Amino acid sequence: MRIFDPHIHMTSRTTDDYEAMHAAGVRALVEPAFWLGQPRTSAASFLDYFDALIGWEPFRAAQFGIRHHCTIALNPKEANDPRCTEVLRHLPRYLAKDGVVAVGEIGYDSMTPAEDHAFAAQLQLAVVHELPALVHSPHRDKAAGVDRTLAVVRESGIAPERVVVDHLNEVTVKQVADSGCWMGFSIYPDTKMDEHRMVAVLREYGTERILVNSAADWGRSDPLKTRRTADAMLAAGFSADDVDQVLWRNPVAFYGQSGRLELDDVEAPGTGATFEGNSVLRGARAEV
Amino acid sequence: MTPDALRTALAGRTTEEGERWLDAACTAVAADPAAVRALFPAAGRRCGRGPLHLAEPYGWTVDDAVRALLLAALPLTGTALHTELTELYRTGDAAERRAVLRALPLLPVGDDALPLVHDALRTNDTRLVAAALGDYATHHLDAAAYRQGVLKCVFTGIPLAALPGLPDRADAELARMMSAFAAERTAAGRPVPADIQPVLARFPEIPVPTATARREA
Ligand SMILES: [Zn+2]
């Protein structure tokens, strides 16, 4: 089974997690830029974080046989701190990088005017840089937040199939399904969404335009929730091909719209010296 | 490495489209040095990222060569060149930083680019560490930093054959450090990499732990 986790914050995870993920079938992932738990107080703090997302973290992932890509943005929570908003000026140069496959996480946290501004400005950056957008939906007042999110997306002119609205649940999925945007679901150990409720959503809405992620970060979360969902799908009678669509082909199709996904060696492993050479170049440990 | 040698090596390792892109990019950079800022990050997508020589996994890559040629095309010298280079490195992803390091011997920068080499040697990214210890470091890096760099290679599994400065830049102090490393490894019951031998062999007066020559099958 091959798994692509389309939303996971590996900066906050250990090498044990990388090993367990690889053993469970995870071969590729996308790490969205987000809040670190401790608020940042300057743009420079973001730049070091972004540099890690296009430098050290992909190197770390490659050592465990996992392809790492990322999304770059000013997150909605910190868009409210005037000391941080200067980072918007620096985004274009990151959006030109190879490993950056979307603008994100953008969207709403508390639905303030500052968030309105950062959200709209970054959707325009996605259009200009021809990148998809990963939109975080607010955890509080979610249904109203998703409505407002979809209105801003429509107004921006970005094509709906280039947008995923994430952290959905049974209450908010229909709005997004009708909008033409991709539907993202974060599967957590408690609250929010679990793998069995996810299976019920897949039964009702089908397997198209749906992304399932662990959204694992520094909080209580489980980087193997993608695999748990795959197992729950199989147990509920979905076919192996359905599982492959939801947990591999869908994220490949969505982020592939960036033109920058690079999966050659994970899709065709062990096919000769070139692939092995490449994996060393990407950071896989050489035998000593 | 010279620009001509890079051109020759690139033939057949990139597509025709990639070569056309590179020619146009070099022309653009020669006319307007600021154009390099947008072209530099795109080199891998346009021209490829595989190894330039298939047998050298820690050697040059196609995108390294393309980026080095872009830098060689810059009509800049002195402070202007140093400023542009530092900015490209500082704002680059890992592949762009690696390419700047590799290109240093092709550029008229004297000792000015040493801070970039030191920055790369502070990382734990083996691709950057290996690139930092290329021809430029061989000729410009001070002995203490060079020794620490070599030792870092040994610890992180970068084959010493990837370093053009060895064994010529090895000194007695480096041999002593290698011998101490071998003693530590031997005491721990761990294998000692065989590629430290050429360094030790240059300094027969440095005592070597007996198990040094042992190599894991
Ligand atoms: Zn997240």
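As the structure is a prediction and not an experimental result, all values here were calculated from the model. Below, each value reflects all heavy atoms present in this structure, side chains not excepted, and no hydrogens, waters or symmetry copies. Chain A is the first sequence line, chain B the second, and so forth, proteins listed ahead of strands; every chain is numbered from 1.
- Heavy atoms closer than 4.5 Å to chain B are found nowhere in A:Arg60, neither backbone nor side chain.
- Residue with the most contacts toward chain B among A:Asp98, A:Ile54, A:Leu53: A:Asp98 (heavy-atom pairs, distance under 4.5 Å).
- Counting non-hydrogen atoms of other residues, nucleotides and ligands closer than 6.0 Å to CZ of A:Arg93 gives a total above 12.
- Rounding to the nearest 0.5 Å places CG of B:Leu128 at 10.0 Å from CH2 of A:Trp56.
- B:Arg97 touches chain A through its side chain: at least one heavy atom from C-beta onward sits under 4.5 Å away, while N, CA, C and O do not.
- In this structure, B:Arg49 and A:Glu262 have side chains that are in contact, with non-hydrogen atoms separated by less than 4.5 Å.
- Residues B:Asn124 and A:Phe59 share a closest heavy-atom pair of O-CE2, 3.5 Å.
- Across all their heavy atoms, A:Lys97 and B:Gly92 have their closest contact at NZ-CA, 3.8 Å.
- The local environment of CD in A:Glu161 is crowded, with over 12 non-hydrogen atoms from other residues, nucleotides or ligands closer than 6.0 Å.
- Of all heavy-atom pairs spanning B:Ala94 and A:Gly55, the tightest one is CB-CA, 4.1 Å.
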